[in-house]
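Below: one structure, written as structure tokens.
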Amino acid sequence: MHTASRSTLAVFAAAGGTVVDSSPMYGRSEAVLGDLMAAAGLRERLFVATKVWTRGRREGAAQMNDSIDKLRVGKLDLMQVHNLVDTEAHLGTLAGWRKEGRVRLLGLTHYHAGAHRDLEAAMRRHKPDTVQVNYSLAEPEAEARLLSACHDQGVALII
């Protein structure tokens with residue numbers, strides 16, 4: 001079963017890695033990760049995050065349930081609304097799921113610097129636990145306002 005992936009996850013965990021982030025748009029990654037965590041007994045040592053990336057409350061709930069099943073987690077550490085797709089609907093669902101203990105933290109993501117203003121506005125409106133953006137030497141645009149906005153709002157930043 002996924003020999004290279006199993007080895008990679010084992011090395012990652014042995015080196016102290018703790019955060020794994022996936023998405024339904026990454027092919028079979030959620031199912032593979034769920035299988036690998038279960039086989040290696042790593043679930044309790046890892047912080048597991050994924051994303052919802054569809055329109056509609058019912059469709060979003062179905063996609064998120066599918067992710068939880070594939071990842072084999074009873075409680076997801078972080079569910080992120082990817083690219084701000086139908087944020088209102090998904091955060092509404094997730095607020096209920098948090099109360100039920102199905103998800104611990106809620107986040108927002110966007111991959112494109114051109115969406116930073118929209119992401120900042122959504123962050124101020126919805127007060128997520130996390131925001132995930134591209135930030136690197138090649139893509140430093142988050143420095144302009146987003147990094148300080150996360151700091152000021154007490155929002156954890158995933159880059």
Side-chain angles (χ1 to χ4, degrees), residues 5 9 12 17-135 139 141-142 145-159:
S5 298
L9 187 61
F12 172 78
T18 58
V19 177
V20 290
D21 177 36
S22 192
S23 172
M25 75 181 94
Y26 304 159
R28 291 189 17 82
S29 67
E30 290 175 323
V32 170
L33 179 59
D35 291 348
L36 294 173
M37 287 188 302
L42 289 173
R43 171 58 186 111
E44 297 306 316
R45 292 180 45 199
L46 297 174
F47 180 96
V48 181
T50 194
K51 302 168 189 77
V52 59
W53 190 54
T54 190
R55 295 201 179 277
R57 185 177 294 267
R58 187 173 32 233
E59 293 81 357
Q63 187 178 74
M64 292 185 285
N65 276 318
D66 190 50
S67 292
I68 289 170
D69 289 346
K70 287 177 179 174
L71 288 164
R72 298 185 185 199
V73 295
K75 181 177 191 172
L76 188 62
D77 294 306
L78 172 62
M79 177 62 78
Q80 303 164 97
V81 178
H82 187 52
N83 290 342
L84 303 176
V85 174
D86 214 352
T87 303
E88 297 287 332
H90 302 320
L91 288 181
T93 299
L94 288 167
W97 286 16
R98 186 189 328 229
K99 287 179 185 173
E100 296 169 8
R102 298 186 67 203
V103 64
R104 194 164 59 111
L105 301 170
L106 312 180
L108 301 173
T109 77
H110 211 291
Y111 79 99
H112 192 272
H116 284 178
R117 285 186 196 272
D118 293 338
L119 186 57
E120 182 180 356
M123 179 181 65
R124 292 185 189 286
R125 177 179 177 155
H126 298 291
K127 308 205 181 330
D129 300 300
T130 70
V131 167
Q132 184 180 104
V133 297
N134 286 0
Y135 177 60
E139 296 183 71
E141 295 85 354
R145 292 183 41 163
L146 207 50
L147 299 184
S148 62
C150 286
H151 179 266
D152 293 347
Q153 299 261 339
V155 174
L157 180 65
I158 302 171
I159 56 171

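Just so it is clear, the model here is predicted, and its values are computed rather than measured. Quick note: residue numbers are just sequence positions, from 1.
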Less than 4.0 angstrom from a charged side-chain N to a carboxylate O is my criterion; do R125 and D118 meet it?
no
Distance check, rounded to the nearest 0.5 Å: L71 atom CG versus E30 atom CD?
5.0 Å
Walk me through whether L78 and Q132 qualify under side chain to side chain contact (heavy atoms under 4.5 Å, CB included).
CA-CA 11 Å; L78 172 62; Q132 184 180 104; 5.9 Å; no
Ignoring hydrogens and angles, tell me if any N or O in the side chain of R43 forms a donor-acceptor pair with the backbone of L46 under 3.5 Å.
yes
Counting only heavy atoms not in R57, do more than 12 sit closer than 6.0 Å to its CZ atom?
yes
Heavy-atom donor-acceptor pair, N134 side chain to Y111 backbone, under 3.5 Å:
yes
Value for CD (Q63) from CE (M25), rounded to nearest 0.5 Å, stands at 8.0 Å
Pair K51 + D21, salt bridge at N-O below 4.0 Å
yes
Could you state the interatomic distance from CG (N83) to OG1 (T109), rounded to the nearest 0.5 Å?
5.0 Å
With a 4.5 Å heavy-atom cut-off, do L146 and Y135 have their side chains touching?
no
Do any N or O atoms from the side chain of D86 and from the backbone of T54 form a donor-acceptor pair under 3.5 angstrom?
no
Determine whether R104 and L76 make a side-chain contact, defined as any pair of heavy atoms from C-beta on separated by less than 4.5 Å.
no
Does D66 use its side chain to pair, donor to acceptor, with the backbone of A62 at less than 3.5 Å?
no
What distance do K75 atom NZ and I68 atom CD1 have between them, rounded to the nearest 0.5 Å?
11.5 Å
Is the shortest heavy-atom distance from the side chain of L108 to the side chain of L91 under 4.5 Å?
yes
Min side-chain heavy-atom separation H126-V81 under 4.5 Å:
no
Rounded to the nearest 0.5 angstrom, the CE-CH2 distance for M64 and W97 is 4.5 Å
Under 3.5 Å: donor-acceptor pair, side chain of D77, backbone of A49:
no
Is the closest side-chain heavy-atom distance between L157 and V133 below 4.5 Å?
yes
Is there side-chain contact between Q153 and V131, with heavy atoms separated by less than 4.5 Å?
no
Between P128 and G107 the two heavy atoms that sit nearest each other are CB-CA, 4.1 Å
What is the minimum heavy-atom distance between C150 and M123, and which atoms define it?
SG-SD, 3.7 Å
With the side chain counted from C-beta on, respond yes when V85 and V52 share a heavy-atom pair under 4.5 Å apart, and no when they do not.
no
Taking every non-hydrogen atom, the tightest pair across G56 and H90
O-CE1, 3.4 Å
Taking the side chain as C-beta and beyond, is there a heavy-atom pair between F47 and L105 under 4.5 Å?
yes
Backbone of S22 reached by a side-chain donor or acceptor of T50 within 3.5 Å:
yes
Test salt bridge (Lys or Arg N to Asp or Glu O under 4.0 Å) on D152 and R145; report intermediate values, then the result.
CA-CA 11 Å; D152 293 347; R145 292 183 41 163; over 6 Å; no
Kindly compute the distance separating CZ (R72) from CG (L33), expressed to the nearest 0.5 Å.
10.5 Å
